[in-house]
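This report refers to the structure that appears directly beneath it.
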Amino acid sequence: MAVATLPTQPTEHTVLAGLARALVQHQVLRPDQAVAIQKRADASQHRFIDELIASGPVNAAQLARFAAETFGHPMLDLASVDFAHLPSDLIDRKLAAETRVVALGKRGTRISVAISDPTDLQTLDRIKFQTESQIDPIVVEHDKLVKLVDRLGRSASDQLAALVDDDLEIDMSGEDTQTSVEANTEVDDAPVVKFLQKVLIDAINAGASDLHFEPYEKFYRIRMRVDGELRDFAQPPLAIKEKLASRIKVISRLDISEKRIPQDGRMKLVLGPTRAIDFRVSTLPTLFGEKIVMRILDPSSAKLGIDALGYDPDQKQLLLNAIHRPYGMILVTGPTGSGKTVSLYTCLNLLNEPGINISTAEDPAEINLPGVNQVNVNDKAGLTFAAALRSFLRQDPDVIMVGEIRDLETADISIKAAQTGHMVLSTLHTNDAPTTLTRLANMGVPSFNIASSVILITAQRLARRLCTCKVPLEVDEDALFKLGFTDEDLGGDWNAFRPAGCERCGSSGYKGRVGLYQVMPITEEIQRIILANGNALQIADQARLEGVRDLRRSGLLKVMQGVTSIEEVLGVTNE
């Protein structure tokens, strides 16, 4: 650093103070240099340090070392600081941007702040007053501090605006215009609204089934479930978590002032005159805010038709024969997320004709079906599945759909409806078709009622479809035999494929999902086993003798057809 040898007092009447005076006294700047820099700063209403770094007599690194040594403060290189872990609530954001300071941490009643000019006592006093804490200045390089302040101080509105399209125009119904959104957050409404709209549109375009909005201590994360797998989608600014939660709750008609208990709601996204997507919304209080999960309910998924679901031709025919019978009970079983609702709605669409009266009791109704009388059960109000079923039987129904058989009362009424000339469709949570029958028996349903009412059971899983980038997989015949392939299968002309990954599928190797099904009609032999109180193993053995394929076998056929991979089938049929 060059050292001036001229007199230390300025020759003009401009008064130098603070950092400028120290630089002159230590002969780092000539007096005339300091005066000229100070005059330019006054004229442009900038700080002295800004004009000093801009004019070039001293660079930022030299100035930081000088200030730290001269005034006895520690020095820090901001390049080594992880800005994502800096405390954001110690100093008011506007004050930090105005004074160009960054809070580095707090211990007890003392806050460490990064500052490039430790002689700026006015700034330090303002921070001390606002935080009611003692301030420990830490000297940093001015250019790095300016960049960091700009990065941290950039409003969440600006960050969100960069993420959304200016011409995005869609309509969200369900908004209660009389409900006021909290006004104490630092995010303008418009960017948050547009950001949320873009998130929803992107999720729909990606074929997502769920969206997760998750607040944590140091960051905020949005994930989406695509083809059954959760994927990171975005990490918006942590500052918007309250505003985003409030926005979602307003359009879902939830209480935005209640953050202590879970809430459930619903909203609709209108994409155009012919398409609207429903969302089922669930909020949950967590340690660092409300986690919100939105289930995407696309009505078009219920109109794909039975061919798109993945039933093999013989399974499809068994199901069609069953649903067109005048009465009886059809049960769809599988874990959560296995596509039971879409299967039921597909059956209802096939039955939905002007001459048929269809009523459904659901918790809640996921997809709106024109022509179908859908009822949301409400246990608190006394509208249970059983109460809805009793009412349906007085409404001259032809087809009844029960969202889920959860208890003996619902099962008993459903079976009586099936025995008295109605077609009843419902779901149960069991692993396969044979165990569904024993599950009903364990609930207390008499075996003769089960045998006389249930006509078909479908167990199902969803496996990911291989993308068009799939490549052949070489597998040893002994390994294939152990997996369940038969000698006849191994003698056929087919290839197993594995995922490769391309731009279309996002490098996962999979695009979309296909159903794996076990379609078991209740034959006379199976009825005899039920009446004799036989167990699930006996029923499964008899079904196998009658040609009913289990889920694993159905999956292996999909492998032979090149639809999915061996790895995927093993994962979803891990019996």
Side-chain angles (χ1 to χ4, degrees), residues 17-19 21-22 47-50 60-61 63-156 159 182-187 214-221 235-245 259-260 285-291:
L19 186 61
R21 183 181 181 86
R47 293 182 176 87
F48 174 83
I49 192 170
D50 292 321
L63 182 61
R65 286 195 296 270
F66 169 80
E69 294 171 359
T70 302
F71 301 106
H73 295 301
M75 181 177 170
L76 175 69
D77 183 2
L78 286 178
S80 64
V81 174
D82 183 359
F83 79 94
H85 291 87
L86 290 176
S88 59
D89 56 350
L90 294 182
I91 301 177
D92 178 76
R93 187 185 298 272
K94 293 181 180 179
L95 177 60
E98 180 183 340
T99 57
R100 286 184 184 165
V101 295
V102 173
L104 299 175
K106 183 175 183 179
R107 177 172 294 180
T109 60
R110 307 189 72 87
I111 296 178
S112 298
V113 298
I115 189 169
S116 57
D117 182 2
T119 67
D120 189 355
L121 300 181
Q122 183 179 2
T123 290
L124 295 175
D125 286 341
R126 288 180 64 187
I127 298 172
K128 179 179 180 181
F129 177 78
Q130 187 259 327
T131 60
E132 299 181 351
S133 303
Q134 295 298 316
I135 305 301
D136 292 329
I138 296 180
V139 179
V140 296
E141 296 168 42
H142 184 69
D143 55 349
K144 293 180 180 178
L145 178 63
V146 170
K147 291 179 181 178
L148 181 59
V149 169
D150 180 64
R151 187 173 188 178
L152 296 176
R154 192 190 321 161
S155 70
Q159 295 188 38
E182 296 178 7
N184 59 351
T185 55
E186 299 174 4
V187 187
E214 302 170 315
Y216 297 95
E217 184 178 13
K218 300 294 185 181
F219 65 97
Y220 188 66
R221 177 174 67 178
Q235 286 198 13
L238 185 61
I240 76 161
K241 66 177 182 180
E242 297 291 343
K243 180 67 75 174
L244 195 55
K259 302 178 181 180
R260 300 167 298 174
T286 66
L287 287 178
F288 303 106
E290 288 181 287
K291 175 180 178 178

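Note that the coordinates shown come from a computational prediction; the quantities given were computed from them, not determined experimentally.
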Of all residues at least two apart in sequence or in a different chain, which pass the side-chain hydrogen bond (donor to acceptor under 3.5 Å, both in side chains) check with Thr131?
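None.
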Would you please name every residue forming a side-chain hydrogen bond (donor to acceptor under 3.5 Å, both in side chains) with Arg260, sequence neighbours left out?
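Result, side-chain hydrogen bond (donor to acceptor under 3.5 Å, both in side chains) vs Arg260: Glu258.
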Ignoring hydrogens, what is the shortest heavy-atom contact between Ala22 and Phe71? Give both atom names and the distance.
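Nearest pair, atom of Ala22 first, then Phe71: CB-CZ, 3.7 Å.
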Heavy-atom pair of closest approach, residues Glu242 and Lys259
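Looks like OE1-NZ, 3.1 Å.
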Is the backbone of Phe288 close enough, under 3.5 Å, to the side chain of Lys241 for a donor and an acceptor to pair up by distance?
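Checked: pair present.
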Backbone N/O of Thr123 and side chain of Thr99: donor-acceptor pair under 3.5 Å:
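Side chain of Thr99 to backbone of Thr123, a donor-acceptor pair under 3.5 Å: no, none is there.
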Using a 4.5 Å cut-off on heavy atoms from C-beta on, say whether the side chain of [Y] contacts that of [X].
X: Leu63; Y: Leu19; answer: yes
X: Gln130; Y: Ile91; answer: yes
X: Tyr220; Y: Leu244; answer: yes
X: Ile127; Y: Ile111; answer: no

Which distance, rounded to the nearest 0.5 Å, do you find between the OG1 of Thr286 and the CD of Glu214?
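Spacing of OG1 (Thr286) from CD (Glu214) equals 9.0 Å.
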Could you grab the distance from atom NZ of Lys218 to atom CD of Gln235, nearest 0.5 Å is fine?
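If I round to the nearest 0.5 Å, the distance is 14.0 Å.
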Residues two or more places apart in sequence or in another chain: which of them pass salt bridge (Lys or Arg N to Asp or Glu O under 4.0 Å) with Arg47?
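Partners of Arg47 under the salt bridge (Lys or Arg N to Asp or Glu O under 4.0 Å) test: none.
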Show which side-chain atoms of residues 135-145 pair as donor or acceptor with protein atoms under 3.5 Å away, not counting sequence neighbours.
{"unit_1": "Asp136", "atom_1": "OD1", "unit_2": "Arg110", "atom_2": "NE", "d": "3.2"}
{"unit_1": "Asp136", "atom_1": "OD1", "unit_2": "Arg110", "atom_2": "NH2", "d": "2.7"}
{"unit_1": "Asp136", "atom_1": "OD2", "unit_2": "Arg110", "atom_2": "NE", "d": "3.1"}
{"unit_1": "His142", "atom_1": "ND1", "unit_2": "Ser116", "atom_2": "OG", "d": "2.8"}
{"unit_1": "His142", "atom_1": "NE2", "unit_2": "Asp50", "atom_2": "OD1", "d": "2.7"}
{"unit_1": "Lys144", "atom_1": "NZ", "unit_2": "Asp77", "atom_2": "OD1", "d": "2.7"}

Does anything in residues 118-130 form a salt bridge (charged side-chain N to carboxylate O under 4.0 Å, His left out)? List the pairs, not counting sequence neighbours.
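Those involving residues 118-130 are Glu98-Arg126.
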Using ring-ring contact (aromatic ring centres under 6.0 Å, His included) as the criterion, list what pairs up with Phe219, not counting sequence neighbours.
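Listed in chain order: Tyr216.
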